[in-house]
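Everything below concerns the one structure shown next.
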Amino acid sequence: SVRPGYERYGARAFFNEDRKLESIYCRDNEKEFRLGASDWEHAKWVWRTSLGIAVTGKCHLVQTHCVAANSVHIACRERLGEAHPVRKVLKVFLFNTGGINYAAVSKLYPPDSFLQRTTAFTYEGLVGFTRASVEEFRYETHPEFIAARNLGSAEQDVPMVADGMPVWHALHRFFEGYVGLFYADDAAVQDDEELASYWECLDTRGGASTPHRYGL
């Protein structure tokens, strides 16, 4: 739900085969606006703000910080000893994760705080949005994420593919090489009790009492 005077989030943009924007459907009034309509600029604003809250609020803040990074951080600190090779290599990626997430929870999420006041949500709406974002999270690799978007001929022109895939492959090669230094094969991985405990903690999202698995 949103505060009085605000429209509900939600819009869908339609592009033609030349990737030109043709129309936008807005959820609040359940209308589709075409290029040149009197409310066209407003429809574009609704779509842009809806996309902004989806990317920043859902994908970045909730699913990346609160679910992914938080789960890995907890599992690493609680289930891997300080000398464990996986904990060592993750240190640089997890540095200050706890501090950042604690600050987000304490400064962004309380009623009438920064996050709510920069959106149209009521506090109940913000809590509902956050809960739905947590429940919708499913682990997938970056290639799996791209494939699920069905981008077609536009795929190689999208930054998350053109720039993101080379980064993903570079990180994959790095971690594959690093892990190979300590584990000769899959059996060695499975025999590592600390690592098995780490994965179980991660898959339960930091050992939280949630019915939603991480999805490994």
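Only this structure's heavy atoms are used, side chains among them; waters, hydrogens and symmetry mates stay out. This one's a predicted model, so the numbers in the text were calculated from it and none came from an experiment.
Contact of the Val46 side chain with the Ser50 side chain is registered, since non-hydrogen atoms from C-beta on lie closer than 4.5 Å. Two residues are said to be in side-chain contact when any heavy atoms from C-beta on lie closer than 4.5 Å; Arg149 and Met160 meet this criterion. Counting heavy atoms from C-beta on, the side chains of Val55 and His60 never come closer than 4.5 Å.
In the displayed structure, Arg12 atom CZ is contacted under 6.0 Å by at most 12 heavy atoms of other residues, nucleotides or ligands. Surrounding OH of Tyr6 are at most 12 heavy atoms belonging to other residues, nucleotides or ligands under 6.0 Å away. Enclosure of atom CH2 in Trp45 is not indicated, since only 12 or fewer non-hydrogen atoms of other residues, nucleotides or ligands lie within 6.0 angstrom.
Within the 3.5 Å criterion, the main-chain N or O of Leu94 finds a donor-acceptor partner in the side chain of Thr97. Between the side chain of Arg8 and the backbone N or O of Asp28, at least one donor-acceptor pair lies under 3.5 Å. A donor-acceptor pair is defined here as one N or O able to donate and one able to accept, closer than 3.5 Å; no such pair exists between the side chain of Arg79 and the backbone of Ile74. Remark: side-chain polar atoms of Asp185 are paired, donor with acceptor, to backbone N or O of Ala188 under 3.5 angstrom. At distances below 3.5 Å, not a single donor-acceptor pair connects side-chain atoms of Ser71 with backbone N or O atoms of Leu202. Checked by atom type and distance alone, the side chain of Thr56 never pairs as donor or acceptor with a backbone atom of Ile53 at under 3.5 Å. Checking side-chain atoms of Thr204 against main-chain N and O of Glu200 turns up a donor-acceptor pair under 3.5 Å. When atom types are taken as modelled, the side chain of Ser23 and the backbone of Arg34 share no donor-acceptor pair closer than 3.5 angstrom. Between the side chain of Arg87 and the backbone N or O of Leu80, at least one donor-acceptor pair lies under 3.5 Å. Checked by atom type and distance alone, the side chain of Tyr198 never pairs as donor or acceptor with a backbone atom of Glu193 at under 3.5 Å.
Under a cutoff of 6.0 Å and an axis angle of 45°, Arg19 and Phe15 do not form a cation-pi pair.
In this structure, OG in Ser113 is found 6.5 Å from CG in Leu108, a value given to the nearest 0.5 Å. Atom CG in Asn70 sits 11.0 Å away from atom CZ in Arg205 (nearest 0.5 Å). Going from atom CD of Glu17 over to atom CD of Glu22 covers 9.0 Å, rounded to the nearest 0.5 Å.
His84 and Asp192 are linked by a side-chain donor-acceptor pair at a separation below 3.5 angstrom, with hydrogens and angles left out of the test. Checked by atom type, the side-chain pair Gln63/Ser133 shows no donor-acceptor distance below 3.5 Å. For the 3.5 Å distance criterion, the side chains of Glu78 and His73 fail to qualify, holding no donor opposite an acceptor.
The aromatic rings of Phe93 and Phe175 lie tilted to each other, with the angle between the two planes from 30° to 60°. By the 30° and 60° cut-offs, the orientation of the rings of His142 relative to Phe145 is parallel.
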**OP:** Would you sort out whether Phe114 and Tyr109 count as a ring-ring contact (aromatic ring centres under 6.0 Å, His included), showing the intermediate values?
**Re:** CA-CA 8 Å; Phe114 181 80; Tyr109 275 110; over 10 Å; no
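Under the ring-ring contact (aromatic ring centres under 6.0 Å, His included) criterion, Phe129 pairs with Phe121, sequence neighbours left out.
Salt bridge present: Lys44 and Glu41 bring a charged side-chain N and a carboxylate O closer than 4.0 Å.
Judged as a salt bridge (charged side-chain N to carboxylate O under 4.0 Å, His left out), the pairs with a partner in residues 50-74 (not counting sequence neighbours) are, in order, Lys58-Glu136.
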